[in-house]
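Positions are given from 1, in the same order as the sequence printed here. What you see is a predicted model, and the numbers here were worked out from it, not measured in a lab. Hydrogens, waters and symmetry mates play no part in the numbers below; they use all other heavy atoms, side chains included.
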Amino acid sequence: MPSYAVAMAKVTFLGLGAMGAPIARHLAEAGHDVTVYNRTRAKAEAWVERHGGRWAPTPAAAAEDADAVLSCVGADGDLEAVTLRKDGCFAAMKKGALYVDHTTASAKIARQLAVEGRDRGLLVVDAPVSGGQSGAEAGTLSIMCGGSDKAMEAATPLMQAYSSRIVHIGGPGAGQTTKMVNQICIAGAMQSAAEALRFAQNADLDLDRVFEAVSGGAAASWYLLNRWKTMAEDSFDFGFAVDWMRKDLGIAIEEARANGAALPFAALADQFYADAQALGCGREDISSVVKRLPKG
């Protein structure tokens, strides 16, 4: 079997943000030899001090002789920087190595990386995740994947260290396009939960009893179950920020223009999140969209 499929692999992780740091931790705890890179050097040093392994000053240096390189960065430009630009990992990766990207990015760059990787003899998987920071910390992420069968065969043993569900959707870009589906669904569920809460508050209903009544039936959603109480308490520190949702919805809306899909509600929800940004909620959890709704 290839070296990246056995218990111990030389693994590089690029990007130690709210999602990347715990994912890299799970890989280290699974017994892999982990080298990390982060744009802010202090974060990489702190991660190594806490979890072991090594840090490297550039993506290329981190990727030298690695069996697998994984990444979770901010957006398309950040992803291009750690892969294809000067000191990017692709130039340093050995032939036959695996590259897995967990960034939520465009399908366009996912397909570009697949082509660039193929030309360099690399196996490439676009693998955005769902489950948020709490899922990353707990190792229970859901991963939606695009890439070849061979690339998936190589990636799955690594991804099992931090996930509860791995689904191979299709070829390059299919993972990112599926993440767009995920975010479109979230936009609707979050907005409806926020409006329902405000309606109940303005009607002077007992919020605990309302939740008990509606949470066990067809109205239930992850956001109703997990954000009803926290929205009522004006608590919005849960990781997935409004700024990131606007980025994700922008990617989905752009992709819809290319494939002919109509996304009227997603476009409307995007404007609601723009309102939340204008209220200063850009770094708060997306449930802060409730703040744009009047409370009686």
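Each of D65, D67, T35 was compared with K10 under the side chain to side chain donor-acceptor pair (under 3.5 Å) criterion, and only D65 meets it.
At most 12 heavy atoms of other shown residues, nucleotides or ligands fall within 6.0 angstrom of atom CD in E212. Atom CZ of R165 is surrounded by 12 or fewer heavy atoms from other residues, nucleotides or ligands within 6.0 Å. Under a cut-off of 6.0 angstrom, the local environment of CG in D237 is sparse, with at most 12 non-hydrogen atoms contributed by other residues, nucleotides or ligands. The environment of R111 atom CZ is dense: over 12 non-hydrogen atoms of other residues, nucleotides or ligands sit within 6.0 angstrom. The number of heavy-atom neighbours closer than 6.0 Å to CZ of F265, taken from other residues, nucleotides and ligands shown, is above 12.
Listed by chain and residue number, nothing satisfies the side chain to side chain donor-acceptor pair (under 3.5 Å) test with N202 (two or more places apart in sequence, or in another chain). Qualifying salt bridge (Lys or Arg N to Asp or Glu O under 4.0 Å) partners for D208, counting only residues two or more places apart in sequence or in other chains: none. Shown here are the salt bridge (Lys or Arg N to Asp or Glu O under 4.0 Å) partners of R50, two or more places apart in sequence or in another chain: there are none. Contacts of Q160 classified as side chain to side chain donor-acceptor pair (under 3.5 Å), with partners at least two apart in sequence or in another chain: none. Here E284 pairs with K291 under the side chain to side chain donor-acceptor pair (under 3.5 Å) rule; sequence neighbours left out. When the side chain to side chain donor-acceptor pair (under 3.5 Å) test is applied to E29, the partners found at least two apart in sequence or on another chain are R25. In terms of the side-chain contact (heavy atoms from CB on, under 4.5 Å) criterion, A46 has no residue partners (sequence neighbours excluded). Applying the salt bridge (Lys or Arg N to Asp or Glu O under 4.0 Å) test to E45 and every residue at least two apart in sequence or in another chain returns R41. Residues forming a salt bridge (Lys or Arg N to Asp or Glu O under 4.0 Å) with D76 (at least two apart in sequence, or on another chain): none.
Side-chain contact between M231 and L293: absent, with no pair of heavy atoms (C-beta onward) separated by less than 4.5 Å. Within the 4.5 Å cutoff, no side-chain heavy atoms of S148 are placed close to those of R118.
The distance from atom CD of E137 to atom CD1 of I23, rounded to the nearest 0.5 Å, is 10.0 Å. Distance check: C281 SG to R292 CZ gives 11.0 Å after rounding to the nearest 0.5 Å. Interatomic distance, OG of S142 versus CG of N182, reported as 8.5 Å (0.5 Å rounding). Separating the OG1 atom in T177 from the CD1 atom in I169 is a distance of 10.0 Å, to the nearest 0.5 Å. Separation of atoms CG (D285) and OG (S235) is listed at 8.5 Å; rounding is to 0.5 Å. In this structure, CE in M19 is found 8.0 Å from OG1 in T104, a value given to the nearest 0.5 Å.
I109 belongs to a hydrophobic cluster with L14, Y37, V69, V73, L79, V82, L84, F90, M93, Y99, L113, L122, V124, counting contacts under 4.5 Å between side-chain heavy atoms of Ile, Leu, Val, Met, Phe, Trp and Tyr, direct or through other members. Residues near F238 contribute nothing to a hydrophobic cluster around it, because no ILVMFWY side-chain heavy atom sits closer than 4.5 Å to its side chain.
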Subject >> Full working for side-chain contact (heavy atoms from CB on, under 4.5 Å) between S287 and M190 >> reply: CA-CA 7 Å; S287 57; M190 184 69 261; 3.8 Å; yes

**OP:** Carefully, step by step, assess Y162 and I143 under the rule side-chain contact (heavy atoms from CB on, under 4.5 Å).
**Re:** CA-CA 10 Å; Y162 48 87; I143 310 178; 3.8 Å; yes

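Residue pairs meeting the side-chain hydrogen bond (donor to acceptor under 3.5 Å, both in side chains) criterion with at least one partner in residues 241-255, sequence neighbours excluded, are Q183-D248, D243-Q277, R246-D270, R246-Q277.
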